[in-house]
Amino acid sequence: MVTNAQVEALITDIRFQEIKFFQEKANIFTIVGQTHTEHWHSSFIRWLLDAHSSLRLGHFPLVRLLTLYMIKNPQCGFDLRDIYRWNLDDIVFSTEKDASYDHKKRSIDIYGESRELILVIENKVNARENFNKSNQGQTMDYYEYVERHKRPEQRALYFFITADQRQTPDADMYVQITYQEMYDSIISKCVEHPRVSPDGKYLLEQYAANLRESVHNSNTPMALVNIDKCKSLYDDYTEILDEIFIAVEGAEKYTESGNPGCIVYSHYSDVFDEIYLSIDERYGRTPKNKMERQVVTFTDLYKRGLVKNKMQFTMKYDGELFYARAILSSDGKDCYLQILDENKQPYIVNGKVVGIYRTSSSAGIDVINFRRKERGINQRVKTLRGTTYWVNEAGQTVKDLIDQMYG
């Protein structure tokens, strides 16, 4: 059981208090009740990318977006030299750009144009892609509209920004970018920039605070914005945080429990939840309110035909070979990764089969620690990027499968 002294050390850590302070600051989006209104997010992105906005960062944010596009689409046909050569200050941005044609009324969420470039950004927060009672989605409509109207010297780039990483555009010429990637690659870099204006930094921080709110009708935040701080805390307080999670999850009524872990969780649940959500290699979920970090599960891969029942996986770590396999639930609707022992048999504890996981990272951590425990090794693995360690029979990592899922 976690002790009061351990709890005191954790909650008085400056990183813990900084997360608490960040959460408690009111942000303008929640005050006016526009937490996840799609048009507001589009307006903010337009302001962020505009080289002449009050951020005073010029085209720095736009270069980050174009670089992310290039990284995610290596076959895009341009490189860093091109990005630096383009006159990005000339791009004029607008929202709700009219793109109606062939009796279809359409409007592009965020549109940027210069003599050299056209940027088409479809922004999805809550809604799914609109097919307008046809077999063709709005992303293809926008593509066809732009290709009809652009000049020969203009290059068109297509972006699909989404709060749900599993949501993909109908048109495959779009590059999908999640709000988590928007925060990690653009917004956080702008906040840290030495030339950002005070007002601009304030608005960026307000927007970041809003991103950690859950999307309507889902149990996932749009983006986690304190990941590095949460992981740093977890590295230093692993055993304490693990014990708190176990105590809270196992308690029928944790708010009435005398366990110090349950007591401190009751008081600081928002902070603890953000920590657990940020540790996707171990948790990626909260112990009680069932919030989950956006991760691709084995069920997602199975539904896309990328994983099949009983598909074998191996992992090399510490010079040893570990085993796992994909298995289906009894109703055949869900798929999991089941870890296996050295004889490729399921792990059994107290007569029950254990070691069945939604994602690969937790599976990797536990199978390594099971093996170490069997061999009397006290040191335990705390985190592991399982997507790059587990490999299937065809030599594909879980990350390779996820990349295929996004096309």
Side-chain angles (χ1 to χ4, degrees), residues 1-13 15-16 19-20 23 219-221 224 226-227 229-293 295 297-298 322 324 334 336-339 341 346-374 376-386:
M1 181 183 295
V2 65
T3 67
N4 289 323
Q6 290 174 318
V7 165
E8 180 66 11
L10 172 60
I11 65 175
T12 57
D13 189 294
R15 293 163 294 182
F16 191 96
I19 296 170
K20 180 175 182 291
Q23 291 181 349
N219 267 342
T220 57
L224 294 165
N226 290 305
I227 290 177
K229 199 166 290 181
C230 289
K231 286 188 173 182
S232 175
L233 267 173
Y234 185 76
D235 286 343
D236 290 344
Y237 298 94
T238 303
E239 292 183 7
I240 300 169
L241 287 163
D242 284 350
E243 284 194 37
I244 292 172
F245 187 97
I246 292 168
V248 172
E249 189 172 51
E252 186 174 346
K253 294 183 178 180
Y254 73 90
T255 54
E256 299 176 9
S257 171
N259 184 299
C262 291
I263 293 171
V264 73
Y265 179 86
S266 298
H267 191 69
Y268 295 106
S269 59
D270 287 344
V271 181
F272 283 109
D273 283 352
E274 184 158 357
I275 293 171
Y276 293 129
L277 283 168
S278 298
I279 311 302
D280 64 324
E281 298 93 339
R282 179 66 183 173
Y283 290 109
R285 63 186 179 92
T286 59
K288 277 299 178 186
N289 62 8
K290 304 307 178 185
M291 283 188 67
E292 294 183 337
R293 181 174 181 168
V295 293
T297 67
F298 266 73
F322 299 88
D334 295 301
Y336 302 93
L337 185 63
Q338 179 183 35
I339 59 175
D341 63 20
Y347 279 90
I348 298 177
V349 176
N350 297 325
K352 294 183 178 180
V353 174
V354 298
I356 298 174
Y357 305 86
R358 296 171 59 250
T359 59
S360 59
S361 294
S362 294
I365 291 169
D366 282 356
V367 75
I368 293 168
N369 290 334
F370 271 134
R371 183 84 59 88
R372 289 185 175 186
K373 184 178 180 181
E374 289 173 348
I377 301 172
N378 292 325
Q379 186 178 6
R380 296 289 183 263
V381 173
K382 297 177 182 177
T383 59
L384 179 82
R385 185 65 65 178

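As the structure is a prediction and not an experimental result, all values here were calculated from the model. Because only heavy atoms are used, hydrogens play no part in the values below, and waters and symmetry mates are left out as well, while side chains stay in.
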To the nearest 0.5 Å, how far apart are [atom1] in [X] and [atom2] in [Y]?
X	Y	atom1	atom2	result
Asn369	Glu374	CG	CD	11.0 Å
Ile11	Tyr237	CD1	OH	10.5 Å
Ile263	Asn4	CD1	CG	7.5 Å
Glu8	Thr3	CD	OG1	10.5 Å
Lys231	Asn226	NZ	CG	13.0 Å
Thr297	Tyr336	OG1	OH	8.5 Å

Closest approach of [X] to [Y] (non-hydrogen atoms, all atoms of both residues):
X	Y	answer
Leu224	Leu277	CD1-O, 3.6 Å
Ile279	Tyr234	CD1-CB, 3.7 Å
Asp341	Pro346	OD2-O, 4.3 Å
Lys288	Val248	CE-O, 2.8 Å
Tyr276	Phe245	OH-N, 3.2 Å
Thr238	Asp235	OG1-O, 3.5 Å

Can a donor-acceptor pair be found, under 3.5 Å and without considering hydrogens, that links the side chain of [X] to the backbone of [Y]?
X	Y	result
Gln23	Asp270	yes
Glu243	Val2	yes
Tyr254	Gly261	no

>> Let's go through Val354 and Phe370 carefully: what are the C-alpha distance in whole Å and the side-chain angles of both, what is the deciding distance for side chain to side chain contact (heavy atoms under 4.5 Å, CB included) to 0.1 Å, and is it a yes or a no?
In response: CA-CA 11 Å; Val354 298; Phe370 271 134; 4.1 Å; yes
>> Run Phe272 and Thr286 through side chain to side chain contact (heavy atoms under 4.5 Å, CB included) and show every step you take.
In response: CA-CA 8 Å; Phe272 283 109; Thr286 59; over 6 Å; no
Does the side chain of [X] reach to within under 4.5 Å of the side chain of [Y], using non-hydrogen atoms?
X	Y	answer
Tyr265	Asp273	yes
Cys230	Ile275	yes
Phe16	Val271	yes
Leu10	Leu233	yes

> salt bridge (charged side-chain N to carboxylate O under 4.0 Å, His left out) between Glu249 and Arg285: does it pass, once the steps are laid out?
Replying inline: CA-CA 11 Å; Glu249 189 172 51; Arg285 63 186 179 92; 2.7 Å; yes
> Between Tyr357 and Asp366, does a side chain to side chain contact (heavy atoms under 4.5 Å, CB included) hold up when you go through it step by step?
Replying inline: CA-CA 10 Å; Tyr357 305 86; Asp366 282 356; 2.5 Å; yes
>> If you apply the rule side chain to side chain contact (heavy atoms under 4.5 Å, CB included), what do you find for Asp242 with Tyr283, and how did you get there?
In response: CA-CA 10 Å; Asp242 284 350; Tyr283 290 109; 2.9 Å; yes
